[in-house]
Colleague: 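Just dropping this structure here.
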Amino acid sequence: MSLILGGARSGKSRMAEARAGGGVLIATAQAHDAEMAARIARHRADRGAGWEVLEVPLDLPEALATLREDRPVVIDCLTLWLSNLLLAGRGEGAEALPDALRACRADVICVSNEVGQGIVPATPLGRAFRDAQGRLNQRVAAASDRVTLMVAGLPLEVRP
């Protein structure tokens with residue numbers, strides 16, 4: 001299992017897809033507006049063929065339990081998944097993810113945003129999200145065999 005972290009536009013999705021070379025992509029984004037729909041369309045076009053795409057905005061641990069071990073899996077991304085959970089009032093569901101990742105038979109590459117290097121969010125919800133994302137990243141990193149931090153398109157191997 002691997003975790004690839006980074007800021008916005010750091011190259012983390014591209015790195016995850018290159019490492020996997022195809023397989024199953026678990027997409028967690030939801031197109032609630034036209035701008036997000038355009039982002040999703042760009043990701044699809046950039047990714048190209050060779051991917052089976054599963055859209056899993058909420059029930060990620062359950063989806064992982066159904067995967068076969070013969071194809072790599074990229075989860076893109078844990079940040080949007082956690083945001084979806086929090087907005088649905090299901091934030092406690094994030095606790096099950098590290099165990100579900102460990103139990104998954106497939107080779108999984110998780111993509112997540114490093115949210116702790118920016119400014120302190122101005123709202124209680126923003127601060128709660130930042131804190132929850134930091135805790136989730138720590139738990140997934142602890143369960144991962146490899147952890148990579150992407151900076152300006154370049155990988156920094158934290159745990160090679």
Side-chain angles (χ1 to χ4, degrees), residues 1-30 43 51-121 123-160:
M1 188 174 78
S2 300
L3 173 63
I4 300 177
L5 294 162
R9 298 285 174 253
S10 63
K12 57 193 177 295
S13 295
R14 186 174 53 251
M15 176 62 71
E17 292 169 9
R19 282 189 183 163
V24 178
L25 178 99
I26 297 179
T28 62
Q30 298 181 86
H43 267 274
W51 292 94
E52 173 188 352
V53 177
L54 303 176
E55 294 184 7
V56 184
L58 293 170
D59 298 319
L60 187 52
E62 294 82 357
L64 289 169
T66 69
L67 297 174
R68 301 184 326 250
E69 62 186 84
D70 62 337
R71 296 172 50 188
V73 175
V74 172
I75 301 171
D76 196 1
C77 77
L78 298 183
T79 313
L80 288 172
W81 174 70
L82 179 62
S83 177
N84 295 340
L85 283 183
L86 291 173
L87 292 173
R90 295 174 49 186
E92 71 286 345
E95 299 295 323
L97 184 62
D99 288 338
L101 288 165
R102 282 187 207 95
C104 184
R105 298 176 315 200
D107 180 19
V108 179
I109 302 170
C110 298
V111 176
S112 190
N113 285 53
E114 174 51 64
V115 297
Q117 295 179 328
I119 62 171
V120 175
T123 66
L125 178 60
R127 290 188 296 276
F129 169 75
R130 182 216 41 206
D131 294 349
Q133 186 67 56
R135 286 190 298 274
L136 178 63
N137 287 346
Q138 288 181 44
R139 290 192 312 275
V140 172
S144 295
D145 302 304
R146 182 177 190 182
V147 178
T148 304
L149 177 65
M150 294 298 296
V151 180
L154 300 173
L156 174 61
E157 296 299 334
V158 178
R159 180 181 295 146

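Throughout, numbering of the chain's residues begins at 1 and tracks the sequence.
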Colleague: Drop me the distance from L5's CG to M15's CE, to the nearest 0.5 angstrom.
Modeller: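 Separation between the atoms: 13.0 Å.
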
Colleague: Quick one, W51 and V74 - any side-chain contact, counting heavy atoms below 4.5 Å?
Modeller: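 Answer yes - side chains close enough.
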
Colleague: Looking at S144 and V140, what are the two nearest heavy atoms and their distance?
Modeller: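 Shortest heavy-atom contact: OG-O, 2.7 Å.
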
Colleague: Taking the side chain as C-beta and beyond, is there a heavy-atom pair between Q133 and N113 under 4.5 Å?
Modeller: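 Not touching, per the 4.5 Å side-chain cut-off.
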
Colleague: Only one of V108, V56, V24 clears side-chain contact (heavy atoms from CB on, under 4.5 Å) with I75; which?
Modeller: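 For I75, the side-chain contact (heavy atoms from CB on, under 4.5 Å) test succeeds with only one of V108, V56, V24, which is V108.
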
Colleague: Any chance you could measure L136, atom CG, to E95, atom CD, to the nearest 0.5 Å?
Modeller: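 Answer rounded to 0.5 Å: 8.5 Å.
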
Colleague: For R130, is the CZ atom crowded, meaning more than 12 foreign heavy atoms sit under 6.0 Å from it?
Modeller: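 Yes, because the 6.0 Å sphere around CZ of R130 holds more than 12 heavy atoms from other groups.
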
Colleague: Are the side chain of E52 and the backbone of L54 linked by a donor-acceptor contact shorter than 3.5 Å?
Modeller: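 No; judged by distance alone, with no hydrogens or angles, the pair does not exist.
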
Colleague: Taking L67's backbone N and O only, do any of them form a donor-acceptor pair with R105's side chain (distance below 3.5 Å, no angle check)?
Modeller: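 Yes, because the side chain of R105 sits within donor-acceptor range (under 3.5 Å) of the backbone of L67.
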
Colleague: Could you pull out the closest heavy-atom pair between L86 and G91, with the gap in Å?
Modeller: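 In terms of heavy atoms, the two residues are closest at CD2-CA, 3.7 Å.
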
Colleague: What distance do L156 atom CG and S10 atom OG have between them, rounded to the nearest 0.5 Å?
Modeller: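 Taking CG in L156 and OG in S10, the distance rounds to 11.5 Å.
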
Colleague: List for me each residue that meets side-chain hydrogen bond (donor to acceptor under 3.5 Å, both in side chains) alongside D131, sequence neighbours excluded, and say none if there are none.
Modeller: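 So D131 forms no side-chain hydrogen bond (donor to acceptor under 3.5 Å, both in side chains) with any residue.
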
Colleague: Please name the residue in the list R146, R19, E17 that meets the side-chain contact (heavy atoms from CB on, under 4.5 Å) test with I109.
Modeller: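 Output: one option passes, namely R19.
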
Colleague: Roughly how far, to the nearest 0.5 Å, is CE of M150 from CZ of R9?
Modeller: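 These two atoms lie 13.0 Å from each other.
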
Colleague: If you take all heavy atoms of P57 and N84, which pair is closest and at what distance?
Modeller: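 Nearest pair, atom of P57 first, then N84: O-ND2, 3.0 Å.
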
Colleague: Can you see which heavy atom on R159 is nearest to which on A141, and at what distance?
Modeller: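 Heavy atoms of R159 and A141 come nearest at NH1-O, 2.7 Å.
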
Colleague: What are the two closest heavy atoms between L78 and C110, and how far apart are they?
Modeller: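 Looking at all heavy atoms of both residues, the shortest contact is CD1-CB, 3.9 Å.
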
Colleague: Does the side chain of F129 reach to within under 4.5 Å of the side chain of T79, using non-hydrogen atoms?
Modeller: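 Yes, close enough: below the 4.5 Å cut-off.
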
Colleague: Spell out, as yes or no, whether a donor-acceptor pair under 3.5 Å connects the side chain of D76 to the backbone of A27.
Modeller: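 No.
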
Colleague: Would you give the length of the straight line joining atom OG1 of T28 to atom CG of L82, rounded to the nearest 0.5 angstrom?
Modeller: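 The OG1 atom of T28 sits 10.0 Å away from the CG atom of L82.
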
Colleague: What closest approach, in Å, do S112 and L3 show between heavy atoms, and which atom pair accounts for it?
Modeller: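 Where S112 meets L3 most closely, the heavy atoms are CB-CD1, 4.0 Å.
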
Colleague: Return yes if some donor-acceptor pair links the side-chain N/O of R90 with the main-chain N/O of L85 below 3.5 Å, else return no.
Modeller: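 Absent.
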
Colleague: To the nearest 0.5 Å, tell me how far T66 OG1 sits from L64 CG.
Modeller: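 Result: 7.5 Å between the selected atoms.
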
